[in-house]
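FYI, the numbering just counts along the sequence from 1.
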Amino acid sequence: QVQLVESGGGSVQSGGFLRLSCAASGSPDSSLCMAWFRQAPGKEREGVAVRGNTGRTAYADSVKGRFTISQDNAKTTLNLQMSSLQPDDTAMYYCAARVACSGSSYALLPGFEYNYWGQGTQVTVSS
């Protein structure tokens, strides 16, 4: 059973930066498809960034050029470096994983299912 634990959320001012981390454990195969999602109050959950098994990455248009998804060499921690944060980035951020994906933007669509989810970490950006 894969377990995901997010950390790194917090409150920042507009233009600031944060780094989120997602520690993964329990996977028999260290290579997982992993992604970040976010959900703001009253809004649908939104795919933010994904990293496929081979390292291919994709981003939501709203975060391209500002957010960077990466994974440590041991493939146990997924990171999301967020810069130039804006109030619209305020949301609960969730880490998600599934056995495999290509890492294309298709993996960020609402109908693309993930088997494992973390509990979330709050990001609040004030203007």
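In terms of the side chain to side chain contact (heavy atoms under 4.5 Å, CB included) criterion, residue partners of T68 (sequence neighbours excluded) are, by chain and number, Y59, Q81. With sequence neighbours excluded, the residues satisfying side chain to side chain contact (heavy atoms under 4.5 Å, CB included) with V123 are L18, L20, M82, Y93, V125. Evaluation of the side chain to side chain contact (heavy atoms under 4.5 Å, CB included) rule for T124 yields S11, T90, Q122 as partners, not counting sequence neighbours. With sequence neighbours left out, R19 forms a salt bridge (charged side-chain N to carboxylate O under 4.0 Å, His left out) with no residue at all.
Screening residues 60-71 for salt bridge (charged side-chain N to carboxylate O under 4.0 Å, His left out) gives D61-K64, R66-D89 as the qualifying pairs, with residues at least two apart or on separate chains. Residue pairs meeting the side-chain hydrogen bond (donor to acceptor under 3.5 Å, both in side chains) criterion with at least one member in residues 103-116, sequence neighbours excluded, are S102-S104.
With contacts defined as side-chain heavy-atom distances shorter than 4.5 Å, the pair D88/S62 does not qualify. At a threshold of 4.5 Å between non-hydrogen side-chain atoms, the residues V63 and E46 do not count as touching. Annotation: side chain of C95 is in contact with side chain of M34 (closest heavy-atom distance under 4.5 Å). In this structure, the side chains of F67 and L80 come closer than 4.5 Å at one or more pairs of heavy atoms. The closest side-chain heavy-atom distance from E44 to P110 is not below 4.5 Å.
Under the 3.5 Å distance criterion, the side-chain polar atoms of Q119 are left unmatched by any main-chain donor or acceptor of V5. Counting only distance, with no hydrogens or angles, the side chain of N53 and the backbone of V99 share a donor-acceptor pair below 3.5 Å.
F37 approaches G47 most closely through the heavy-atom pair CD2-CA, 3.4 Å. Of all heavy-atom pairs between S21 and N79, the closest is OG-OD1, 2.9 Å. Across all non-hydrogen atoms, the minimal contact from A91 to A40 is CB-N, 3.8 Å. The shortest non-hydrogen separation linking A100 to C33 is C-CB, 3.6 Å.
Summarising the geometry, atom OG belonging to S126 is positioned 5.0 Å from atom CD belonging to Q13; distances are rounded to the nearest 0.5 Å. Between the SG atom in C22 and the CD atom in Q71 there is a gap of 9.5 Å [rounded to 0.5 Å]. With rounding to the nearest 0.5 angstrom, the CG atom of L32 is 9.5 Å from the SG atom of C101.
Residues W117 and F112 share a single hydrophobic cluster, defined by chaining ILVMFWY side chains whose heavy atoms lie under 4.5 Å apart. Placement of M92 and I69 in two distinct hydrophobic clusters is found when ILVMFWY residues are connected by side-chain heavy-atom separations under 4.5 Å, directly or transitively.
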Checklist entry - What do the steps show when you test L78 against W36 for side chain to side chain contact (heavy atoms under 4.5 Å, CB included), and what is the final call? => result CA-CA 9 Å; L78 183 75; W36 287 98; 3.3 Å; yes

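Within a 6.0 Å radius of CD in Q39, other residues, nucleotides and ligands contribute more than 12 heavy atoms.
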